Structure formats: structure tokens, C-alpha cells
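Notes follow once the structure below has been shown.
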Amino acid sequence: MLYDDFSKFTKDQEHLISVDGLDYVEGSLILEKHPLNNWRSSFFSPTNQNKIGSLLSQNGIIYCLEIVKYYDDHTANTIDEELKKLVKGLNYLGGFMFKKDSTFVEFLNRVRSGELELQSKGLWDVPHPWLNLFVPKSNIMHFNAAVFVDIILRQNKTTGPILVYPTTRKKWDDRMSAVTPEDEIFYCVGLLHSSGGCNDCKTLDNQNEQILNYCDKAGIKIKQYLPHYKTKEDWIKHFGGKWNTFQQRKDQFDPKRILSPGQRIFN
């Protein structure tokens with residue numbers, strides 16, 4: 001389902017993660033100069049692409065909401081009716097809803113299929129300067145305007161899928177070392193770049209740094225997922241209230257500092 005309004009897009013995503021009946025919810029961005037069928041999903045026929053291309057030329061950026069509902073032989077007769085109920089009341093653009101059936105294994109293995117396609121074109125074995133962020137719900141509208149629109153769309157440097165979808169703190173185990181924002185709902189944002197060469201990689205790294213610096217100065221309290229910091233002070237800031245517990249566990253379970261030396265968290 002496609003949207004040209006980010007507010008409606010996020011509202012519908014937050015509704016869908018609050019109801020029972022769906023097996024998967026994911027949002028993404030489609031930019032005017034990027035291919036519509038990326039290496040992860042392929043929903044759009046040539047006719048669809050012309051229609052969507054016209055929409056993109058008007059907006060520059062549109063938002064794609066992907067939902068998945070599993071079914072089997074026992075529920076095949078009711079799946080269409082169940083889906084109809086689940087999407088009732090959503091505010092996607094009329095005429096821009098697309099459906100596709102695949103086997104369970106094909107769905108789970110879709111990234112591998114995309115990888116093989118890129119390998120066949122010689123496009124997979126390149127640097128991937130990814131940036132994965134958790135963005136508080138209270139800042140997501142600001143983030144869209146400042147990052148998705150003003151940095152990513154305006155600069156037109158990003159190559160690869162851009163994911164944005166909500167999750168809730170109750171889905172995360174606070175005993176784990178992953179650090180999440182304080183908001184009950186926060187957004188997972190994945191900038192899954194593919195670089196064509198050293199210069200391109202440096203350009204994307206610089207864009208990632210610009211995004212991080214902007215969020216810091218604007219007070220958008222993001223948290224990086226799988227981050228890389230250069231100082232112990234930055235790691236302490238990242239872990240926040242979890243730092244003391246994290247340090248105690250390191251002392252208890254890895255006193256010789258054997259595990260994960262490359263992250264340089266404690267040295």
C-alpha cells in the first residue's frame with residue numbers, strides 16, 4: 001500500500017502493530033530516481049510502475065507499507081476476507097494497493113534471492129555503509145522532514161532500500177545489551193546503502209555522519225543499532241543507564257577481554 005502523506009503512513013503502521021492477525025509489518029521509502037523493484041521485494045508489474053512513476057514525479061518520495069498474512073490449506077478460503085478486515089479504515093492512496101502470493105520459504109528467503117540476483121550482475125561484492133537507527137515516535141515526524149526529505153531526497157546519494165517501521169518496547173528484553181529509546185513506541189530506520197566504489201562509499205559515510213550530527217544537534221534522541229564509536233565516552237553515552245550493568249557483566253563473564261575486541265568498548 002502506498003502513501004504520499006507520512007503522518008497517515010505512520011498512523012496506519014502504529015495501528016497495525018497494535019492489532020492481532022498480522023504476521024509481518026514493514027514500511028519503506030520509494031524515491032523518484034530509484035528502481036521500484038529493489039533487491040528485497042518485487043510487487044510491481046510494468047503497468048504498476050508507470051502509475052507509481054507518475055505519482056513519484058509529483059511527490060519525489062512516497063511511502064510503502066508492506067504487510068504479510070500467513071495462510072495454509074485450511075485458511076485459504078478465508079484469507080481474502082481476513083485481509084479485507086485488517087486493511088479496513090487504512091488511509092493509503094486509493095488504487096495503490098498491490099497483492100502477491102508466495103510460498104513461506106520464498107518469503108523467508110527473499111533477501112537471499114535478491115543477493116543472488118545482484119551477484120549475477122556483479123553488484124553484491126561492494127561496500128555496504130549501512131546506518132541502522134531507533135527513532136522515538138515523538139521525533140519521527142521531525143526526522144522525516146529533516147532526514148528523509150531534506151537530506152536523503154535532496155542530496156539524492158542514497159542507494160539501496162530505506163526501511164522505516166514501528167516497534168514497541170515490550171517486544172524488547174531489557175536484560176539484553178541492545179539500547180532502545182525511552183518512548184514506548186519507536187521506529188526502526190535502516191539505510192541499507194550499497195556503494196559502487198571508494199568515493200561513493202565515502203560520500204555515503206559522510207551522509208550517515210551528517211544524519212547523526214543533525215540528530216544530536218536537534219535533540220532527536222536516536223539510538224544506533226550495531227553502532228561503531230571511537231571513544232569510551234561515546235560508548236558510555238550510548239548505553240546510558242545500562243552502562244554499569246553492562247560493565248559488570250563484562251567483568252564477570254569476560255574478565256580477560258577476549259570477546260568482541262574489535263568494538264573497542266572498554267579500551
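Values reported hereafter were calculated over all heavy atoms of this structure, with side chains retained and with hydrogens, waters and symmetry mates removed. Everything numeric here is computed off the predicted structure, so don't read it as measured data.
- A side chain to side chain contact (heavy atoms under 4.5 Å, CB included) with Leu133 holds for exactly one of Leu212, Val164, Asn208, Val147; it is Leu212.
- Residues Asp4 and Tyr63 bring no donor and acceptor atom of their side chains to less than 3.5 Å of each other.
- The cationic group of Arg249 does not satisfy the cation-pi geometry with Phe253, failing either the under 6.0 Å distance to the six-membered ring centre or the 45° limit from the ring axis.
- Taking the six-membered ring where the residue is Trp, Phe9 and Phe6 present tilted rings, their angle falling between 30° and 60°.
- Using cut-offs of 30° and 60° on the angle between ring planes, the pair Phe96 and Phe98 is perpendicular.
- Asn206 and Thr203 share no side-chain donor-acceptor pair at under 3.5 Å.
- Scanning both residues, Asp12 and Asn91, for their nearest heavy atoms gives OD2-N, 2.7 Å.
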Check the pair Glu66, Met1 against side-chain contact (heavy atoms from CB on, under 4.5 Å), reporting the backbone distance first and the verdict last. CA-CA 7 Å; Glu66 182 179 345; Met1 292 167 281; over 6 Å; no
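- A heavy-atom distance below 4.5 Å is found between the side chains of Leu131 and Gln224.
- Trp172 and Val189 are not part of a single hydrophobic cluster, where members link through side-chain heavy atoms under 4.5 Å apart.
- The environment of Arg154 atom CZ is dense: over 12 non-hydrogen atoms of other residues, nucleotides or ligands sit within 6.0 angstrom.
- Distance check, rounded to the nearest 0.5 Å: CZ of Phe148 to CG of Leu31 gives 9.5 Å.
- Residues Ile220 and Val149 fall within the same hydrophobic cluster, defined by Ile, Leu, Val, Met, Phe, Trp and Tyr side chains chained together at heavy-atom separations under 4.5 Å.
- In terms of heavy atoms, Gln13 sits closest to Tyr187 at NE2-CE2, 4.1 Å.
- Taking the charged nitrogens against the carboxylate oxygens, Arg169 and Glu182 have no contact shorter than 4.0 Å, which rules out a salt bridge.
- In this structure, the side chain of Lys223 does not engage the main chain of Ala178 through any donor-acceptor pair within 3.5 Å.
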Walk me through whether Glu106 and Phe104 qualify under side-chain contact (heavy atoms from CB on, under 4.5 Å). CA-CA 6 Å; Glu106 285 172 345; Phe104 184 60; over 6 Å; no
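- Remark: Asn109 CG to Thr103 OG1 distance equals 9.0 Å, nearest 0.5 Å.
- Residue Val135 is grouped with residue Met141 when hydrophobic side chains (ILVMFWY) are merged at heavy-atom distances under 4.5 angstrom, including chains of intermediate members.
- In the hydrophobic clustering of ILVMFWY residues, with side-chain heavy atoms under 4.5 Å counting as a link, Ile140 and Ile61 come out together.
- Across all non-hydrogen atoms, the minimal contact from Leu65 to Leu16 is CD2-CD1, 3.7 Å.
- Remark: Lys157 NZ is packed, more than 12 non-hydrogen atoms of other residues, nucleotides or ligands lying under 6.0 Å away.
- Both Leu83 and Ile17 are part of a single hydrophobic cluster, where members link through side-chain heavy atoms under 4.5 Å apart.
- Less than 6.0 angstrom separates the ring centroid of Tyr225 from the ring centroid of Phe134.
- Among the candidates Leu191, Leu192, Leu163, the single residue satisfying the side chain to side chain contact (heavy atoms under 4.5 Å, CB included) test with Asn132 is Leu192.
- Enclosure of atom CG in Asn77 is not indicated, since only 12 or fewer non-hydrogen atoms of other residues, nucleotides or ligands lie within 6.0 angstrom.
- In summary, Asp251 and Arg257 engage in a salt bridge, as defined by a charged side-chain N under 4.0 Å from a carboxylate O.
- Considering every non-hydrogen atom in both Leu204 and Ser194, the closest pair reads CD1-O, 4.0 Å.
- More than 12 non-hydrogen atoms from other residues, nucleotides or ligands lie less than 6.0 angstrom from CD of Gln155.
- If you take NZ on Lys232 and CG on Asp234, they are separated by 13.0 Å, rounding to the nearest 0.5 Å.
- Atom NZ of Lys51 is surrounded by more than 12 heavy atoms from other residues, nucleotides or ligands within 6.0 Å.
- Ring pair His238/Trp235 is perpendicular by interplanar angle, where above 60° counts as perpendicular and below 30° as parallel.
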Candidate pair Lys69 and Asp23, rule side-chain contact (heavy atoms from CB on, under 4.5 Å), full reasoning: CA-CA 5 Å; Lys69 175 71 175 173; Asp23 296 291; 4.1 Å; yes
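- For the residue pair Tyr71 and Asp80, no side-chain donor N or O sits within less than 3.5 Å of a side-chain acceptor on the partner.
- The aromatic rings of Tyr92 and Tyr3 lie perpendicular to each other, with more than 60° between the two planes, well past the 30° mark.
- We find that Asp216 and Lys237 are joined by a salt bridge, their nearest charged nitrogen and carboxylate oxygen being less than 4.0 Å apart.
- Checking side-chain atoms of Thr75 against main-chain N and O of Asp72 turns up a donor-acceptor pair under 3.5 Å.
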Please test Tyr24 against Ile67 for side-chain contact (heavy atoms from CB on, under 4.5 Å), starting from the C-alpha separation and ending with a verdict. CA-CA 5 Å; Tyr24 180 88; Ile67 64 175; over 6 Å; no
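- Contact between Phe143 and Cys215 at its shortest, heavy atoms only, is CE1-SG, 3.8 Å.
- When only modelled atom types and interatomic distance are considered, Asp200 and His193 share no side-chain donor-acceptor pair under 3.5 Å.
- Pairing each heavy atom of Asp5 with each of Lys8, the nearest pair is OD1-N, 3.0 Å.
- Between Phe246 and Phe266, the ring planes are parallel. Angles under 30° get that label, and only those over 60° would be called perpendicular.
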Please walk me through it: do Lys170 and Glu184 pass salt bridge (Lys or Arg N to Asp or Glu O under 4.0 Å)? CA-CA 8 Å; Lys170 65 183 179 182; Glu184 188 59 35; over 6 Å; no
